[in-house]
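Input: a single structure, listed below in structure tokens.
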Protein chains: 2
Amino acid sequence: MNVTGHTRGSSSIRDVAAAAGVSYQTVSRVINGHPSVRQSTRERVLAAIDELGFRRNATALALARGRSRAVTVLTANTTHYGYASILQGVEEAARAAAYSVGVGVLESADEAAVTVEVQRAADAGGGLIVIAYDPAGVRALESVPAGLPVVGVVETPASDPTGDRPWVWTDDREAAYEVTRHLLSLGHETVHYVAIPSSTRRTSARTGGWRQALKEAGAPEPPPVQGGWGPAGGHAAGLELARDPSVTAVLCGNDDLALGVLRALHEAGRSVPGEVSVAGFDDAPHSAYLTPSLTTVRLDFTGLGRAAFALLHGVLEESAPVAPRRVSVPELVVRESSGRPPA
Amino acid sequence: MNVTGHTRGSSSIRDVAAAAGVSYQTVSRVINGHPSVRQSTRERVLAAIDELGFRRNATALALARGRSRAVTVLTANTTHYGYASILQGVEEAARAAAYSVGVGVLESADEAAVTVEVQRAADAGGGLIVIAYDPAGVRALESVPAGLPVVGVVETPASDPTGDRPWVWTDDREAAYEVTRHLLSLGHETVHYVAIPSSTRRTSARTGGWRQALKEAGAPEPPPVQGGWGPAGGHAAGLELARDPSVTAVLCGNDDLALGVLRALHEAGRSVPGEVSVAGFDDAPHSAYLTPSLTTVRLDFTGLGRAAFALLHGVLEESAPVAPRRVSVPELVVRESSGRPPA
DNA sequence: CTGAAAGCGCTTACAG
DNA sequence: CTGAAAGCGCTTACAG
């Protein structure tokens, strides 16, 4: 205990200095790999560090340097496949670079609530990665104060969505376009769409890709059905679509939605793919094992997370190269749930 | 810029003091809600804070106080349902308490690798929550240095697994016991088990509950089949079990495993539940929407995460009450995948 | 009720 | 090559 009431847990730079018989500045030089330290001095310091089990205090380092090796991921969700995989990718890359990773959840898209979360994330020091796939995320990205290092993970952008801020994306517009074309090529007259909540008031990238494919094929454009994020929403949407006998092909905004649609069609007595074809989005781990196994399009979310971190890392270390922005090309995976329409 | 090269981003306690015409100590008192500040002074300071957009620097606070409002979750995985839900629960509770939450992934159970991760987590300051459901997590919990605030999320413990450290658990031994009894009560001669990797070299809690139910019923005890964590492993295990015509009931260590088993039985032409009953573990979001929908046992993982944080919070604020340790009672959910054995 | 001092554990120029 | 000083932005006793 000293005057300010601290109990000293571990040893400090000064303890090491005392043990090595040098000043603490010299210890600082050694732990920072500064070249101008005599070899014998360095060795004595290193020995003392080892003996005392010294670890440099990250908090003090951050305060003295004015920045910390930390990144916090701001996201509306941590459990859905896409979000969770991006977080996983960020963590992998951050760990490799010896950065700590924090996570802040945006529970509401409400302006005040979002601002509070962004502030909290900013308070943590370090940089920010914002997953802007939904209204809360988009708003968060917009409200990051200028000067704070941030990269956005965004949907396929119509135009640059974040001003001059760096961002990464995987081409889900293209992906939606590809799956829709796949279904049309099987002979379906049109493809219905069960949508995930869009990131903005306007059309989402996935909806856009689907619509474009229909347009090019001269197919009718049925209104998208809103499905939410999970199987329950997909189930409700599926029951609705099952009532319409003209529906022969359904594209879903993600694989969980597709799972619910599959179930709804089963309950309605409509066979897949015999009477209705179903396709998902993301290629979640379970999709290959459903019965029928799910036709879907694979997106590299962990790669996206790694790319987001790499970009942020460049910004933080001020060695930022012109980074690639489109991370990967989506891959169509055709399985049992899609086939020719009934004759 | 000043002598040490810092560029001052936002305003400090001193700027506020200057603007309010008081000393910075008084500002400190105001932001800490200290009672002995004259009302008029307080108002002037508050006005200055508002005007300058002052936010107290969390790093400096942590350094001065010697501890930070932070928790880091150490886990082998962030995407599997149980792990992801625990993390979600921790984040919810931490956010409500204005704690920041970090996450560190234990990619290997290797002793050196685990130690590195524990050290990194400790460096972040604040407390630790370790998910000890697997060898990496168990080892991490063991190697947390004494004196560091930590709570473990553990399997049903045979005896106190972490010495004097606080821990929380949900009763998965009981859960396994219940599902097994459910299957036996339907008339099955015995129940086969597809296991998730155990947390230690010894029997896991789930395996133990299953075995106990068999023992009490005088049923034969077939050797557990190792399935790993995901549907692919379940699929392989399912194909193996499908070859044995005497198998009429299969319990799986989690719902993803069950999904793979369901698929394997389908491929082998064995109907569920007509010929074989299948039950899972966890009640993941998709399980109710599978065809057949999955009989399983619901575990409250987010509640577990919240409880872990509450316990840690108590430890950190030194107001630790004797906390409840068993968080919730598992709930059997009977759906379509279980039924009577074939005649 | 309010201010001046010392300290948290580190870094960055500045001297020698 | 190495040491003494000043500073990061805050808090905690200590004086008045």
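Letters A, B, ... mirror the listed sequences (proteins, then strands); counts begin at 1.
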Within residues 120-128 of chain A, find the residues that approach DNA chain C with a heavy atom at under 4.0 Å, and present them sorted by residue number.
-> none
Distance in angstrom units between B/H34 NE2 and D/dA13 C1', rounded = 11 Å
Side-chain N,O (A/R38) to OP1/OP2 (D/dT2) below 4.0 Å = yes
Taking only the side-chain heavy atoms of B/Q25 (C-beta and beyond), determine which of C/dC10, D/dG3, D/dT12 contains the nearest atom.
-> D/dT12
Gap between atoms OH and C1', on B/Y24 and C/dA6 respectively (whole Å) = 9 Å
Test log, rule side chain to side chain contact (heavy atoms under 4.5 Å, CB included), inputs A/I131 and A/L74 | CA-CA 6 Å; A/I131 304 182; A/L74 232 33; over 6 Å; no
Distance-only check: which donor-acceptor pairs under 3.5 Å involve side-chain atoms of residues 40-53 of chain A, not counting sequence neighbours?
residue, atom, partner, partner atom, Å
A/R42, NH2, A/H34, O, 3.2
A/E43, OE2, A/Q39, NE2, 2.9
A/R44, NH1, A/A20, O, 2.8

Could you walk me through whether A/R139 and A/E142 pass the salt bridge (charged side-chain N to carboxylate O under 4.0 Å, His left out) test, one step at a time?
-> CA-CA 5 Å; A/R139 181 162 276 167; A/E142 282 166 356; 5.3 Å; no
Using atom CZ of A/R14 as one end and atom C1' of C/dC10 as the other, report the distance to the nearest whole Å.
-> 8 Å
OP1, OP2 of D/dT2 versus side-chain N and O of A/T41: anything below 4.0 Å?
-> yes
Of all heavy-atom pairs linking A/G125 and A/T72, the shortest is O-CG2, 4.5 Å
Is there a side-chain polar atom (N or O) of A/S12 under 4.0 Å from OP1 or OP2 of C/dG9?
-> no
Interatomic distance where CG belongs to A/L63 and P belongs to D/dG9 [whole Å] = 7 Å
So, is A/T26 close to the D/dG3 phosphate, meaning a side-chain N or O under 4.0 Å from OP1 or OP2?
-> yes
Donor-acceptor contact present, side-chain A/D15 to main-chain A/S12, <3.5 Å = yes
note: A/I49, atom CD1; C/dC10, atom P; distance rounded to Å ~ 10 Å
Distance below 4.0 Å between A/N32 side-chain N/O and C/dT11 OP1 or OP2 | yes
Return the nucleotide paired to C/dA13: Watson-Crick means purine N1 to pyrimidine N3 with N6-O4 or O6-N4, wobble means G-U with N1-O2 and O6-N3, both under 3.5 Å.
-> none
With the side chain defined as heavy atoms from C-beta on, B/S36 is closest, among C/dC1, D/dG9, C/dG3, to C/dC1
Upstream residue (5' side of DNA chain C) when B/A60 and B/R42 are each assigned their closest nucleotide | B/R42
Calculate the interatomic distance between A/Q39 atom CD and D/dT2 atom C1'; express it in whole Å.
-> 16 Å
What integer distance in Å separates B/R44:CZ from C/dC1:P?
-> 14 Å
Ignoring backbone atoms, establish whether B/R65 has a side-chain N or O less than 4.0 Å from OP1 or OP2 of C/dC8.
-> no
For C/dA4, the Watson-Crick or wobble counterpart (both distances under 3.5 Å) | none
Which of D/dG3, D/dA13, C/dG7 is nearest the side chain of A/R29? It is D/dG3
B/R120 (side chain) donor-acceptor with A/Y99 (main chain) under 3.5 angstrom | yes
Donor-acceptor under 3.5 Å (A/E117 side chain, A/G104 main chain) | no
Whole-Å gap separating P (D/dT11) and CZ (B/R69) | 13 Å
Any ion pair linking A/E317 and A/R69 (charged N to carboxylate O, less than 4.0 Å)?
-> yes
Using a heavy-atom cut-off of under 4.0 Å over every strand shown, decide if A/R56 touches base, sugar-phosphate, or nothing.
-> sugar-phosphate
